[in-house]
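Presented below is the structure to which this report refers.
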Amino acid sequence: MHLILAAIGILLIGGLGALLAGGSRRSATLLGRGSVHAACLVGAIGLAFSWAGRVPAAVQVPWSVPLGSFSIALDPLSTWFILPLLPLAALAASYGGASMENGHGGPGAVRRAGAAWFFFNVLVASILVVLTARNAILFLVAWEVMALASFFLVTWDDERREVRDAGWVYLVATHIGTAFLLAFFALLGARAGSLDFDAIAAARGGAAGGVCFLLAVAGFGTKAGLMPFHVWLPEAHPAAPSHVSALMSGVMIKTGIYGLMRALEFVGPPAAWWGWILLGVGLLSGIGGAAFALAQHDLKRLLAYSSIENMGLVALGLGLGIIGLVAGAPAVIALGFAAALVHVFNHALLKGLLFLGAGSVLHATGRLDLNRLGGLLRRMPWTGGSMLVGTAALSGLPPLGGFVGEFLLFLAAMQATLTPALALPGLTVLVGVALVAGLAAVAFTKVFGIAFLGHPRSPEADGSRESRNGMVIPMAVLAAACVAAGFAWIAPLLLVFGRDPGGAASPLPAGVPLGELLGETWTVPIAGGILLMVLAGVILIRVGLLRGRPVRASVTWDCGYARPDARMQYSGSSYVQPLTGLFHLLLRTRIDFDRPAAIFPGSSRLSTTTPALFRKLLYEPAFERVRLALQRFKWLQHGRLQLYVLYIVIVFVLLLIWMAWSAP
Amino acid sequence: MIPALIALPALAGVAAFTLKRDAVRRALLIGAAIGHGAMTASCWWRRPEPVASGWLALDAAGLLFLTLTSLLFLASAVYAAHYLRHEERGRRTDFKEGLLFSNAPEAVFTGCLLFFLSTMTLVCASRHLGLLWVAVEGTTLASAPLIYFHRHHRSLEATWKYLVICSVGIGLALLGTLCLAVAGAGSEGGPASMVIDDLIARGGTLQPDWLRLAFLLLLVGYGTKMGLAPLHTWLPDAHSESPSLVSALLSGAVLNCAFLAVLRSQQVLEAGGQGDLGRNLLMTFGLASMGLAGVFVLGQTDYKRMLAYSSVEHMGILALGVGIGGAGARGAMLHAVNHSLTKGVLFLVAGNILHLYRTKEVAGVRGLVRALPISGPLWIAGMLAVTGSPPFGPFLSEFTVLYGALEQGRSVVAALYLVFLAIVFVGMGQTVLRMSQGPLPEGGPAPAAGRPAGAAEPWTSAMVPAALALIVLMLGVYVPPALDAIVLEAAGLVGGR
Amino acid sequence: MRTWTWLHPLIALAFAPLLGGLIARTKAVFAGRTGAPVLQPYFDLAKLFRKGAVYSRTTTTVFRAAPTVGLAAIIVATLVVPFGGAPALLAFPGDFLLVVGLLAIGRFATVIAALDTGSSFEGMGASREVQFAALAEPALFLSLAAAGLAAGGSSLSRMQAAASVESWLAAGPALPLIAAALIAVVLAENSRIPVDDPNTHLELTMIHEVMILDHGGPDLGLILYGAALKLWVMGALLVNIVLPFRAGDAWVDGGISLAGMVLLAVAIGTIESSMARLRLTRVPQLLVGAATLAALALVLVLR
Amino acid sequence: MTGWLDTLLVLIVLTNLKLLGTSRLGGCIRVVAAQGVLLGGLPLLAGGGLLAPRALLLAAAGVGLKGIVFPWLLLRALREAKVQREVQPYLGFTASMLIGAGVLGIGLWAGSRLPLPTAVRSSLLVPVALATMLTGLLVVVSRSKAITQVLGYLVFENGIYAFGVGIAPDAPVLVELGILLDVFVAVFVMGIMIFHINREFDDIDTERLSELRDWRPE
């Protein structure tokens, strides 16, 4: 545990060092990246030790802050969420260093490299603290520092207007989300008489549990990007530098899920409707996220929406788990929570990989608009290869990592459906996930097929070259991890939670034979293995068939049209058009098309845009209304001295009268 | 000790009027500030014993606010030395309308600054309500010339409003004091001692009707000076028109002094067994101030006025905290500390911005971070701090207030509190970020300022707010036990825990 | 009793193309033609496997690897689907999700291979394919879930074991509904009329065919073989549910299942020769309809 | 002696009404001066003994400041600022006087609700003090010139002073003097301000003093 503290310390010191060395980019990068790597190593060792029970799992440091105490601890839940953080942070740091040498972020960036590393390190450190804090004040401080650090990283490239706007949306959203959490913790703390998590958990139950839960959903849901609290996410992720998006989407938004699961310890015995709320939010996020992802042209924006979708799946898992808790169905509980946990883990790796890949594309071509890319696989084989693994995994193809989470979710749903009392929620999840999985597959075939295959659709794409090793290697590592996760995903789960299911801080209720339940699913990796073997066999056959046979190269068959041209290809938009048409009610995709006229038509153009629905229809009008309502009071400050004095008189007289009335 | 604390700046002020050479006068100013600070610090080490038959004494609250005042004054004094050195002499054109105007003589400025400190010290130290009133009125009169340093018609208007409104308000406070005397004279008609301790001691015997009336008047009166809505009307004008360091003192020190006066009244009222009346009134005023601040912070076009309204908001938080009581009062006391220091940072930085960009219009300021490598980040940090974001001090105190509210089961108050905080955050955040981020305007920050973008800032003008900011940051991650203890003791005066 | 556990994959590999031949023959009979021999698919495959290959310069490894991957995936699927009253080689709770996943692999491969060619027509085909797949998947899920629910287990083998005459009588109208939904899915997934027409040759109207325009030689062979296997696998799913007759003797049961497959082929042939192809815009309605049927079945089972 | 006191109080009320009715600035100043002198007498009648040193001291200071120094200051400011001598009220004179009468009513009502301490000589004192204060505020609010605002403030202050001297006769003299000193400085500073206002706007009409605001009527 002290090693975790040490890791945090290393991060902060390294960050400060980088900040002070801000003048020269090289030394700043050296300090920042080095300290992240060192910290991740130390942290990993710390995890291992505390897992082996060699070191105390909790540390309390005296801290003079009202209501606060600096106590941090590692329990299975924390461990599980830290697990992906460490490698991802390290890889993102390497990648970030390399990409900064590419001079990303405009000329000013070079001068502010120190600041960039400072905020990056602070971000990693704060996530660590958030995941280990055992006192509300400490948690909240770390939580908000995390938000601010990421905000400054998002607005890193603040010479661009859209980046500033994105940052602003993010800041407001996260701040309001935190406001809910303030209320949440203050309420619980006031009830428990202390803000230490143990005390709060001890005082669980009692009144206002529902209110607390709703506050938690709103507050943590904002961070996790659950619809309808997701508005900031599709703005912030594209704006941020890619390695930061990777860290944010891979780990930071997961802290929202972590918070939700923590909250379950605090707010006492759940009620069925809590689960239903999570199911509702999860379905909305899942289907909505997938549908919006379909409609995006911007690669990173698409990935951001896909993050929303996946958080939705996680929420579905949690919801099922809660409903299972209420109904006392151990299988549903275990599978539901396990699905959520496993998917969190896999999604962390996958989204990290995909965002790094997107960044590599951005570096190579300077564009993220799918309809201007194409043919990158030939030009950037490593990036392309990793992206192929990532997209396949997120499309839920066995045996890759992405499939496992959905699989467990299905199992949980089936279990629920087979338990008479829980049939309805089970079915809801079943249908929803089926739909989501289908849509996600479309979205990611779009990403890979349009961006990396076919003819390049722009000179930049045509002239692109593979990124430097510093950026490629992290992607390759993550891709490998995704494949491995598809086979070995169950091992970490059992390692972390298996030993004491229902132990102090495990989300699983006591007496759930987790290992047993998941044991049967060992068959999935086996099937994966068989798949690989069969594949090898078929490949051999194919090679054998082609041996000694002529293999010629030619142009693509285009039904007799001899000169195929990049602009004749299906674009990303046209690829998904049939489906976006089906979801028009939700997406409101706008198509501007000036049709070619006359017999010899001149130039013509067609463009589709999908607005951020909730922002345009829900939040912006609401804020505007508030603003107008406040405007009405501006006349109070009219500048007339006489009337100002009159205010005093009036207030005094009113109070006088009020007092005269209220006099006993 | 206490008489020395009061006399030192007063004498220095007299000297400042007589001195001829500017350099000496500035040295004197800083010297006096340092001396005052040193003496204040020694009071922490050993609490001075009451003098003048208990008329002058330092209890926890007094010492707390005295320290704040002294610290802030020290910062402003150092800043002032730099500021005065760089103020242009003679008549010059006003950046807003291009009118000609000149500054008040520096001697007057420095002198009044020192008198100002002396009167504020008196406020913190006086235990006699009459004396307290004299001192508070004194702060108004001493600070009026400071606001009118730049002699053009806007600052004149601000000064005039400040004078009239505050004088009228404080007149009511005087009436309240007299009513308290009546309440104290009570049945036996003996001489009514106006020393707070005596009043509290005889709390039960105070005549209830007169006591309530007295509190009402005191609240309205000192509330006007403290800037509680809707009595705050003088505040934005005065803060926006006075030189930035004066704004810092007004917002960070004077408002606290008025708040201290309100606290004294509440103390007496509680001793009289009618604390609830005061609590409810304070809560009402507090929420009103926070809400009203939100109205004017949102879409504010003048960044100094924005800061002024934020002060209104925070005075609201203080009142609310005391009104809530319990942990709320503790939070309020702590928040007084945090707010003063943070506002010091913000106003001094605003001074730097004004000096560089030559405008108070938000629209005229762009790319601050690039133009002022130190002040720019400080501007953002100060905004985050004052809107209650960790890891800065105000977060802790604001959260404590919220905690207190929910501890008392006042969930509606808590909800409103959070809503108003959010509104103010949106208002300030939008403005500050718009000023700070983004590229520089064409042709450097401001053609008027002949300084290339990104060039090193003048040392003092940047370091003073930076130092204050460091303290604010420190208070966000570590509250020194001594401070915590005295905060608790001060909160205890009004039933805080 | 477990004979078919091992036998089924081999039989599938051997006889899958036969289904195509049977369907063609049935259609020929309806059309009053003699038609190609039933073994024609085998001849075609043999011919293709003997050819060389021509690749577009645009394409990458993805294009070359796709047919192989698709075939491998569907072969594995044969190990998961039970047959002839015996449990499958790979049987575990939720194994039908694995089948769906394996089918998804095949689709993924085909689709990106199509996009790899950079041809507008193949892009069009891919676009249609994913659209219909995204709609067919929920229908497939719901029907299998309903079947599982009726059987009280989420494993295909369990469903098959539980499917019996009694269960049909017990479940009442539920199972026919499931069967109907499944049939629709089978037709859609295997690009048969009324969703798609395997032997049209107008690119604009095709879905599956147009995606593989550029493939030739052994690759095309692998694709066709894979398609045949796919039909077999999904057919087996269907047959397991609609033919619940069990004699208890492995060979008889196996025979019953095989007969079922033949019947299925004939049935498809009949449908294809008796129905016209739907307009593309109507296809979604068909699939959504199937999904609703399945949902209805679920409700009936739950009741 | 109570009779004398009441007479004095009534006279003060009359000065209030006169002030509300006067239309010329000079006149207003003289009325306020008269009120100051009357107030100067108050400590003698309300206080402990007629010739108690404390009472004498206060009386002297009061008459000196309120009756002589302030009026002199203001008249001087008036002369410096060559303004036209009309008051320019927002509120008509008659209306003002009616309100003034109503204000007296409020004073009586409030006074009747409060139990008077024994030390108070006349039941009229509290009402008159309150009425005077409110009159002062009324002047501040309803007159447009800066100088009238000072006058209003003075009258307001007078009301409080009357209250203090009459109700709390044995408050320590130091404080009373401190209060007087404050008021003196206040008026002095205001006088300076008026001088500047006049220089800036060549008129002391505070209409001009509404530049600083956050709201502009469309």
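The structure presented is a predicted model; accordingly, all values stated were derived computationally and were not measured. Per chain, numbering begins at 1; letters A, B, ... match sequence-line order.
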Fill in: Per-residue contact mode, V141(A) against chain B (heavy atom under 4.5 angstrom)
both
Worksheet entry | Which atoms of V426(B) approach chain A - backbone, side chain, both or neither, heavy atom under 4.5 Å | both
Response to the item:
When the 4.5 angstrom heavy-atom criterion is applied to L433(B) and chain A, the contacting part is side chain
Worksheet entry | Under 4.5 Å from a heavy atom of chain A, the part of R330(B) involved | side chain
Worksheet, complete the sentence: Note: vs chain A, highest number of non-hydrogen pairs under 4.5 angstrom among A422(B), P391(B), A415(B) is P391(B)
Worksheet item: Which atom pair, heavy atoms only, marks the closest approach of V651(A) to P230(B)?
Response: CG2-CG, 3.6 Å
Practice prompt. Quick one: which of V163(A), L656(A), L182(A) has the most heavy-atom pairs under 4.5 Å with chain B, could you say?
Written response: L182(A)
Practice prompt. Quick one: do E407(B) and R191(A) satisfy salt bridge (Lys or Arg N to Asp or Glu O under 4.0 Å)? Show the steps, please.
Written response: CA-CA 7 Å; E407(B) 204 178 33; R191(A) 200 171 68 192; over 6 Å; no
Practice prompt. Could you have a look at F296(B), F425(B), Y478(B) and say which one has the most heavy-atom pairs with chain A under 4.5 angstrom?
Written response: F425(B)
Worksheet item: Is it the side chain or the backbone of I380(B) that comes within 4.5 Å of chain A heavy atoms, both, or neither?
Response: side chain
Worksheet item: For the candidates T178(A), L171(A), L138(A), I176(A), which exhibits the highest count of non-hydrogen atom pairs separated by less than 4.5 Å from chain B?
Response: L171(A)
Worksheet item: At a heavy-atom separation under 4.5 Å, does L140(A) approach chain B through its side chain, its backbone, both, or neither?
Response: both
Practice prompt. Starting at CG of L298(B), measure out to NZ of K634(A) and round the result to the nearest 0.5 Å.
Written response: 7.0 Å
Item to complete: Quick one: closest heavy-atom pair of A183(A) and L418(B), and the distance?
Response: CB-CD1, 3.7 Å
Discussion item. Has Q437(B) got a side-chain atom pairing as donor or acceptor with R164(A)'s backbone, closer than 3.5 angstrom?
Written reply: no
Discussion item. Give me the atom names and distance for the closest heavy-atom approach of P66(A) to V479(B).
Written reply: CD-CG2, 3.7 Å
Practice prompt. Could you grab the distance from atom OG1 of T400(B) to atom CG of L67(A), nearest 0.5 Å is fine?
Written response: 5.0 Å
Worksheet entry | Donor-acceptor contact present, side-chain W63(A) to main-chain V477(B), <3.5 Å | yes
Worksheet item: Most heavy-atom pairs under 4.5 angstrom with chain A, which of L216(B), L172(B), V220(B)?
Response: L216(B)
Item to complete: Against chain A, label Y309(B) side chain, backbone, both or neither, depending on which of its atoms sit under 4.5 Å from a heavy atom there.
Response: side chain
Worksheet item: Is chain A contacted by the side chain of P480(B), its backbone, both, or neither, given a heavy-atom distance below 4.5 Å?
Response: backbone
Worksheet, complete the sentence: So, the part of Q430(B) with a heavy atom under 4.5 Å from chain A: the answer is both
Worksheet item: For the residue pair Q637(A) and D237(B), what are the closest heavy atoms and their distance?
Response: NE2-OD1, 4.5 Å
Item to complete: Answer with side chain, backbone, both or neither: which region of F392(B) has an atom nearer than 4.5 Å to a non-hydrogen atom of chain A?
Response: neither
Worksheet item: What part of V168(B) gets closer than 4.5 Å to chain A, counting heavy atoms only: side chain, backbone, both or neither?
Response: side chain
Practice prompt. Report the distance from atom CG of L231(B) to atom CZ of F652(A), rounding to the nearest 0.5 Å.
Written response: 12.0 Å
Discussion item. Keeping K161(B) on the side-chain end and R640(A) on the backbone end, is there a donor-acceptor pair under 3.5 Å?
Written reply: no
Worksheet item: So how far is it from L641(A) CG to T233(B) OG1, rounded to the nearest 0.5 Å?
Response: 8.0 Å
Discussion item. If I take atom CZ from residue F151(A) and atom CG from residue L384(B), how far apart are they, to the nearest 0.5 angstrom?
Written reply: 7.5 Å
Discussion item. Does any backbone or side-chain atom of F395(B) lie under 4.5 Å from a heavy atom of chain A? Answer side chain, backbone, both or neither.
Written reply: side chain
Item to complete: Give, as side chain, backbone, both or neither, the part of I650(A) having an atom under 4.5 angstrom from any heavy atom of chain B.
Response: neither
Worksheet, complete the sentence: Heaviest contributor of heavy-atom pairs below 4.5 Å to chain B, chosen from L630(A), L187(A), D158(A), is D158(A)
Response to the item:
Max heavy-atom pairs within cutoff under 4.5 Å with chain A, candidates L483(B), T387(B), L396(B), goes to L396(B)
Practice prompt. Kindly check if the number of other-residue, nucleotide or ligand heavy atoms within 6.0 Å of CZ (F633(A)) is above 12?
Written response: no
Practice prompt. Could you look at L277(B) and say if it's the side chain, the backbone, both or neither that has a heavy atom under 4.5 Å from chain A?
Written response: side chain
Worksheet entry | Which atoms of L421(B) approach chain A - backbone, side chain, both or neither, heavy atom under 4.5 Å | neither
Worksheet, complete the sentence: So, the part of I165(B) with a heavy atom under 4.5 Å from chain A: the answer is both
Worksheet item: What option among S389(B), G331(B), A405(B) has the most heavy-atom pairs under 4.5 Å with chain A?
Response: S389(B)
Practice prompt. Give, as side chain, backbone, both or neither, the part of L281(B) having an atom under 4.5 angstrom from any heavy atom of chain A.
Written response: side chain
Fill in: Closest-packed option against chain B by number of heavy-atom pairs under 4.5 Å, given A186(A), G193(A), G639(A), A142(A)
A186(A)
Worksheet item: Quick one: CZ on F185(A) to OH on Y403(B), what's the gap to the nearest 0.5 Å?
Response: 13.0 Å
